[in-house]
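Input: a single structure, listed below in C-alpha cells.
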Amino acid sequence: MKDQLIELLTVATDTLKDQGVVDVDSIPSIRVERTRDPSHGDLASNVALMLARPAGMSPRKLAQKIVDFLPDVDWLEKTEIAGPGFINFFLKSRLAIDIIGQVLERGETFGCNESGKGVRVLVEFVSANPTGPLHVGHGRGAAYGASLSNLLKANGYSVHSEYYVNDAGRQMDILAVSVWLRYLELAGERLPFPVSGYQGDYIWDIGATLHRQSRDALRYPAETILTDLPADAADGGDGEHYIDALIERCKFLLGIEKYRQVHRQGLTEVTANIARDLREFGVEYDEWLAESSLVENNAIEDAIGQLRQSGDVEERDGALWFKSTGYGDEKDRVVQRDNGLYTYFASDVAYHMNKLERGYDRLINIWGADHHGYIARVKAAMTALGARPEQLEVMLVQFVSLYEGGEQLKMSTRSGNFITLRELRQSTGNDAARFFYVMRRPEQHLDFDIDLAKSQTNKNPVYYIQYAHARVSSVFRQLQERGLHWDMEQGLDALEDLTEEHEQELIKVMGRYTELIVDAGDRHEPYQLTYYLRDLSQILHSYYNAHQFIVDDERLRNARLCLIKASQQIIRNGLNIIGVGAPHVMRRD
RNA sequence: GCGUCCGUAGCUCAGCCGGAUAGAGCAACGGCCUUCUAAGCCGUGGGUCGCAGGUUCGAAUCCUGCCGGGCGUGCCA
C-alpha cells in the first residue's frame, strides 16, 4: 500500500517537474509513513516539506499542487493537507477490512513474504565453548538468534542456522584435566583441585561416568601426578602455568589414547547437555560444526596459506602475523605463536573462509558484546580472502546482569558460580524466558531480576499476550457449548458491519503486521514483535471487555468471530517467531 | 588514552534512517465480576528527552564537545 502511494506521488511530482512548476534537478526519495494519530489519516507523506526549499515554494502550496496532480484511484477515500505541509491519505475502509479474509485464508503463513527471496544467509549463534552448561548470557544469544532466524525465514530468506563447537583448544584440555582430577578423587586419590580448573558440579558427574566405565584404568597415584609441578595460584604460584603443567602431566601419564578418552567424555557430555538445553528452549540448529573438523581438514593451514600467498602475513618476533592494519584494523594480529601453535583467531579465519566457501550471500554472527574487538579483524581477514566486508554482519548482544534480592550476582564460568540457563528456564518457564530475552534491543543491557522472574504471580507481558490468544479460543468453545457454529463465509460477507471503534482499531493494527515483519527482519530486531503483540493484545482485551462477540445478530456475530479469529492467528504467528507458545487455555498454578 | 554500546516518567524500557501535542508496562491512586476466563477492562496523577553548542522551516532523533555508566583494548579462548 505504501509502495502504491509512493508511485502515485512520484507520478505527481514528475508531472510537476515536467511542467516546470517545480524546478528541481532531483526529487528526493519519497517516503510514506503510517500515522500515529487517526485524525491524520492512515498514511502520510512529507514530500512537500522536503521539496519546498529547492522548489522555492511554501510547503502547503506545493502540497496542494502535488495533490492536484495525483492520479485518481478507487481505493483512496480522500487526501488532506495538514500542519506545516503534510499530505495525509485516508484509505477506503473496505480496503482495510480485506485484511481479515487474507489472514484467515493464509493462516500460519500470513505475514510471510518474499522480501528476502533468493538470499542465502548463515546465522551463527551461541557457539559457547563446550566446557560447561549454558548460562543466562548464552540464553539471550540463543533466544535472539533463534528469533532472528525465524524472522528471516518469514521474510523468505534461505536461512541456515549453525552452532560452532570450539572443541579443539586449550580450554578443552582444561576441561579434560578437570574431569580426570574429579575421576581420581572418586577413585580414592586425594589431591588438590587447580584454581584454574572447572569447578562446577557437572565435572563430578562426568568424572563419575568415567569411573563407572573405566574403574581404575585411568588411575595414577597422587604423588606421581603432583611430582615437580609448579605452585598453583593458591600457593603463591601462577594458576595458568600450573594448569598447563598439569595438562602435560595428564597427557604424559595417560598416553594419547586414554587422554582422548577423557577428553571425548568431557566434550560429549557437555555438548549433549548444551544441545538438550537449547532443544528444550525451542532452539533448533541446522548444523553443529566442530572446530576439530576444520583442524582435521587442514583448514587452518589452508587459510593461513592463502593469506601468505596474497602477502597478508609476515613473520615477526618469531610469530606469524596477519597484517590486518592494511584492512582497517587498529593493529596486526598473531595467527601462529612463537611456539608454533595457531591462535584462536587463526581458527576463526579458517572458519569464516569455510563459511564463504559454502556459498552464503550473507553471514550473520551473533556475539557477546565482549567480542566487539574481534569484528574489525575478522572482517579484515574476510576482505583479505576476497569477500566483501559487508557480507559479514556481527550482531553484538549486550550482557545480561542478574539481580537477586537487590544485589547484582557476579558470574564466572571457571568457578562454577553462575546461574544456568536451565535454572532460569525452570523458574520462569520457557515462554517467559524467551519473551524477556528478546524484549529488548540486543545492544541494550538486560537487567534480569531473578526474584521478579521467579514470582509466578502476574505482571508478565507474555501472559497478557497469551491470555488474549486463549480468550479467543475460549469464545469459540463457548460458541460450541451454546450449540452455535461459526459461519466464516457469512462473516466475511458482513465485515462492513464492524464499525465499532475497537473493531476499526484492531483492523488497522492487523494491517501493519506484514510491514512489521519485513522491517523487523531487515533491521534484525525481533523485539519489535513483542511491542506489536502487546499492542494487538491490548486492543483485543479492550474489545472483549467492551463488546459481546456471541450476539444474536447472526451476521454481526460471524463478522466479529472472523475478526477475533484473524487477530488470534496473528498473535499465534508472531509468538511463533519469537518461540513462545500460544495456549488455548490459561491455567493458574 | 583509544574503540564501542548506553543515558527519555519513581523503576524497566519504546520512539532515534529529522516531522504534527514525547509513549507503554510496572509502581501509586480511584472505579468495574448474576454477561464469551478479572492473568482482564476503564480512569487519574507523573517528563529541563544527561549537559552545552551547531545544522534545519522543524531536533528526543543528525553533527561536535563535555559529563556519567557498561564492555573491550593478550603471541587467552
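On a predicted model such as this, the values are computed, not experimentally measured, just so you know. Below, each value reflects all heavy atoms present in this structure, side chains not excepted, and no hydrogens, waters or symmetry copies.
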Inset, instruction - Determine the interatomic distance between C1' on B:A9 and the same-named atom on B:G70; round to the nearest Å. - result: 23 Å
### Query
Can the positive tip of A:R471 be found less than 6.0 Å from the middle of the six-membered ring of A:Y544, inside 45° of the ring normal?
yes
Item to complete: Take atom C1' in B:G47 and the same atom in B:G53, then report the distance between them in whole Å.
Response: 23 Å
Ignoring hydrogens and geometry beyond distance, is a side-chain donor-acceptor pair present between A:Y463 and A:D431 at under 3.5 Å?
no
Using a strict cut-off of less than 4.0 Å between a Lys/Arg side-chain nitrogen and an Asp/Glu carboxylate oxygen, indicate whether A:R377 and A:D348 qualify as a salt bridge.
no
- Message: With a 6.0 Å cut-off (strictly less than), is the heavy-atom count around CG of A:N339, excluding the residue itself, greater than 12?
- Response: yes
Requested in this report: Check every strand shown and say whether A:D317 touches a base, only sugar-phosphate, or nothing at a heavy-atom separation below 4.0 Å.
Outcome: base
Quick note, A:K331 side chain, CB onward, closest among B:G74, B:C36, B:A38 is B:G74
Separation of B:C36 atom C1' from A:L556 atom CG, nearest Å, is 14 Å
Categorize A:V335 for me: base, sugar-phosphate, or nothing, with a 4.0 angstrom heavy-atom threshold over every strand shown.
nothing
Measure distances between side-chain N and O atoms of A:N88 and base N and O atoms of B:A20, and say whether any donor-acceptor pair falls under 3.5 Å.
yes
**Message:** Measuring to OP1 and OP2 of B:C16, would you say a side-chain N or O of A:R441 lies under 4.0 angstrom away?
**Reply:** no
A:Q528 atom CD is separated from B:C13 atom C1', nearest whole Å, by 14 Å
Do A:E390 and A:K379 meet the salt-bridge criterion of a basic N to acidic O distance under 4.0 Å?
no
Query raised in the report: A:Y467 side chain N/O closer than 4.0 Å to the phosphate oxygens (OP1, OP2) of B:A38?
Result: yes
Closest to the side chain of A:T35, out of B:C41, B:A20, B:A38, is B:A20
- Message: Within the 4.0 Å heavy-atom criterion, would you say A:Y544 contacts the bases, only the backbone, or no part of the nucleic acid?
- Response: base
To the nearest angstrom, the CE-C1' distance between A:M439 and B:U12 comes to 8 Å
inquiry  = Taking the ring of A:Y467 and the ring of A:H541, is the distance between their centroids below 6.0 Å?
reply    = yes
Picking from B:G19, B:C76, B:C71, the nucleotide nearest the side-chain atoms of A:H372 would be B:C71
Using atom P of each nucleotide, how far apart are B:G74 and B:G18 to the nearest Å? 38 Å
Of the listed B:C5, B:U35, B:G40, the closest approach to the A:E443 side chain comes from B:C5
- request: For the pair A:S537 (side chain) and A:A468 (backbone), establish whether a donor and an acceptor sit closer than 3.5 Å, ignoring hydrogens and angles.
  value: no
Sorted by position of nearest nucleotide on RNA chain B, 5' first, the leading residue of A:N339 and A:R523 is A:R523
P gap between B:U61 and B:G7, integer Å: 11 Å
Q) Does any N or O in the side chain of A:E291 come within less than 3.5 Å of the main-chain N or O of A:V165, such that one atom is a donor and the other an acceptor? A) no
Under 4.0 Å, heavy atoms only, any strand: does A:D244 hit a base, just the sugar-phosphate, or nothing? nothing
Testing B:U37, B:U4, B:C75 for proximity to the side chain of A:V334, the answer is B:C75
Problem set entry | Touch class at under 4.0 angstrom, heavy-atom based, for A:A546 against every strand present | nothing
Picking from B:G19, B:G15, B:C13, the nucleotide nearest the side-chain atoms of A:F86 would be B:G19
Check whether any side-chain N or O of A:R31 sits under 4.0 Å from OP1 or OP2 of B:C17, and answer yes or no. no
The residue, A:H547 or A:Y527, whose nearest nucleotide of RNA chain B is more 5′ is A:Y527
Out of B:C76, B:C36, B:A20, minimum distance to the side chain of A:S474 belongs to B:C36
Next on the checklist: Taking any heavy-atom pair under 4.0 Å as a contact, classify A:A82: base, sugar-phosphate, or nothing.
Outcome noted: base
request  = Looking at every strand, decide which applies to A:D370 at a 4.0 Å heavy-atom threshold: base, sugar-phosphate, or nothing.
outcome  = sugar-phosphate
Students often get this wrong, so: under 4.0 angstrom with heavy atoms, is A:R440 touching a base, only sugar-phosphate, or nothing? sugar-phosphate
Under-4.0 Å salt bridge between A:E162 and A:K355: no
Just checking A:A319: base, sugar-phosphate only, or nothing, at a heavy-atom cut-off of under 4.0 Å? base
Q: Kindly confirm or rule out a cation-pi arrangement of A:R534 over A:Y464, judged by NZ or CZ under 6.0 Å from the six-membered ring centre and within 45° of its axis?
A: yes
Report yes if at least one side-chain N or O of A:R337 is closer than 4.0 Å to OP1 or OP2 of B:G74; otherwise report no.
no
Closest of B:C5, B:G19, B:C36 to the A:Q398 side chain is B:C5
From CD of A:E525 across to C1' of B:C17 the rounded distance in Å is 11 Å
A:Q171 atom CD is separated from B:G74 atom P, nearest whole Å, by 17 Å
**Asked** Under 4.0 angstrom, heavy atoms only, what part of the nucleic acid is A:N166 near: base, sugar-phosphate, or nothing?
**Response** nothing
Side-chain atoms of A:R534 come closest, of B:G40, B:A24, B:C76, to B:A24
For RNA chain B, the dot-bracket notation using Watson-Crick and G-U wobble pairs below 3.5 Å, [ ] for pseudoknot-type crossings and | for other-strand pairs, is (((((((..((((.....[...)))).(((((.......))))).....(((((..]....))))))))))))....
Next item on the list: Could you check whether A:H40 and the base of B:A20 form a stacked pair, meaning centres closer than 5.5 Å and planes differing by less than 30°?
Entry: yes
message: In whole Å, measure the gap between the C1' atoms of B:U8 and B:A14 for me.
response: 10 Å
- [ ] Look at all strands and tell whether A:Y464 reaches a base, only sugar-phosphate, or nothing, counting heavy atoms closer than 4.0 Å.
- [x] sugar-phosphate
Using the P atom in both, what is the distance from B:C66 to B:U4, to the nearest Å?
14 Å
The side chain to side chain donor-acceptor pair (under 3.5 Å) partner of A:S473 among A:Q568, A:Q478, A:K565 is A:Q568
Looking for any heavy atom pair under 4.0 Å, which part of the strands does A:R482 touch: base, sugar-phosphate only, or nothing? sugar-phosphate
Just the atom pairs and distances: protein N or O near nucleotides 42-46 of chain B's N or O, under 3.5 Å.
from	atom 1	to	atom 2	distance (Å)
B:C42	OP1	A:S542	OG	2.8

Taken to the nearest whole Å, CD/A:Q444 to P/B:G25 is 19 Å
**OP:** Flag the pair A:D332 and A:R316 as a salt bridge only when some basic side-chain nitrogen lies within less than 4.0 angstrom of an acidic carboxylate oxygen.
**Re:** yes
Determine the interatomic distance between C1' on B:G19 and the same-named atom on B:U55; round to the nearest Å. 16 Å
Here the distance between atom P of B:U8 and atom NE2 of A:H445, to the nearest Å, is 13 Å
Side-chain contact check for A:M50: nearest option of B:G40, B:U37, B:G19 is B:G19
Next item on the list: Considering only atom C1', compute the distance from B:G30 to B:G46 and round it to an integer number of Å.
Entry: 16 Å
Less than 4.0 angstrom from a charged side-chain N to a carboxylate O is my criterion; do A:D487 and A:R557 meet it? no
Looking at A:E314 and A:R308, does any basic side-chain N land under 4.0 Å from a carboxylate oxygen?
-> no
A:R377 CZ to B:U4 P, in whole Å, measures 15 Å
